[in-house]
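In what follows, a structure is listed as structure tokens, so that the remarks can point back to it.
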Amino acid sequence: MLEELRDEVWDANLELVRRGLVLYTFGNASAVSRQDGLIVIKPSGVPYEDMQPADMVITDLEGRIVEGELRPSSDLPTHAALYRAFPAIGGVAHTHSRHATAWAQACRAIPCFGTTHADYFCGAVPVTRPLTPEEIASEYELNTGQAILRVMGGRDPLGCPAVLVAGHAPFCWGSSVAEAAHAAVIVEELAAMAWQTLTINPAAVPISDALRDRHHFRKHGPAATYGQK
Ligand SMILES: [Zn+2]
């Protein structure tokens with residue numbers, strides 16, 4: 001079932017390793033088949049070097065297992081909440097990549113200091129508020145998803161393809177699982193650049209709205225002119 005999507009999810013998970021975003025079994029990526037209403041996600045705790053496309057677990061949008069011998073990634077309820085809320089997304093990737101996680105641990109949004117950032121995010125990479133003890137005690141992963149959705153508000157998910165979960169790490173998404181993995185790589189780079197920007201100049205401020213929008217809307221939205229269409 002969903003052989004092509006299994007391959008894509010397997011490859012996106014390995015891409016996170018290839019790009020140095022994942023140590024051991026940290027991190028996970030998934031895709032959704034909108035047509036079938038099914039999620040394909042990495043299994044929990046299987047070493048990447050042993051993982052095969054056939055090990056991917058298929059669930060419905062409520063996270064109930066439809067096919068697979070292994071347990072799905074424990075973050076599945078977070079992924080599922082994102083798929084239910086954002087019809088435009090096709091994949092989710094979660095890592096504990098160093099620089100992005102440092103911002104999440106510092107509970108700080110990543111300011112839009114330059115055009116590299118604006119190409120992907122129309123503003124800061126948001127950070128959630130810390131989860132309450134109640135949210136942690138019960139349905140933690142679902143509540144993590146809800147916290148992401150709250151901070152996203154009415155934002156276009158493809159114009160803001162990641163959120164930092166306070167005290168945890170980034171969750172990223174895109175129109176496909178490959179795009180979600182790409183967003184995870186970009187967020188890590190933006191996090192490192194922003195940290196170095198503030199190291200060089202602690203008083204650095206975000207770029208102007210005009211420069212941000214010029215870059216962002218070259219690549220996103222109806223007036224996009226970037227690339228070969
Ligand atoms: Zn995590």
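Start at 1 and go down the list; that is how both ligands and their atoms are numbered.
- For the pair Ile110/Phe121, no side-chain contact is recorded, criterion being any heavy-atom separation below 4.5 Å from C-beta on.
- With a 4.5 Å cut-off on side-chain heavy atoms, Met193 and Phe113 do not count as touching.
- Shown are Gln196, Glu189, Glu188; of these, the side-chain hydrogen bond (donor to acceptor under 3.5 Å, both in side chains) with His99 is made only by Glu188.
- Note on ring orientation: taking the six-membered ring where Trp is involved, the planes of Tyr140 and His168 are parallel (angle under 30°, cut-offs 30° and 60°).
- A chain of hydrophobic side-chain contacts below 4.5 Å, direct or via other Ile, Leu, Val, Met, Phe, Trp or Tyr residues, connects Val57 to Leu14.
- Protein N/O/S atoms nearer than 2.8 Å to the Zn ion (ligand 1) total 3.
- Pairs of residues two or more places apart, or lying in two chains, never qualify as salt bridge (Lys or Arg N to Asp or Glu O under 4.0 Å) while including a residue from residues 35-50.
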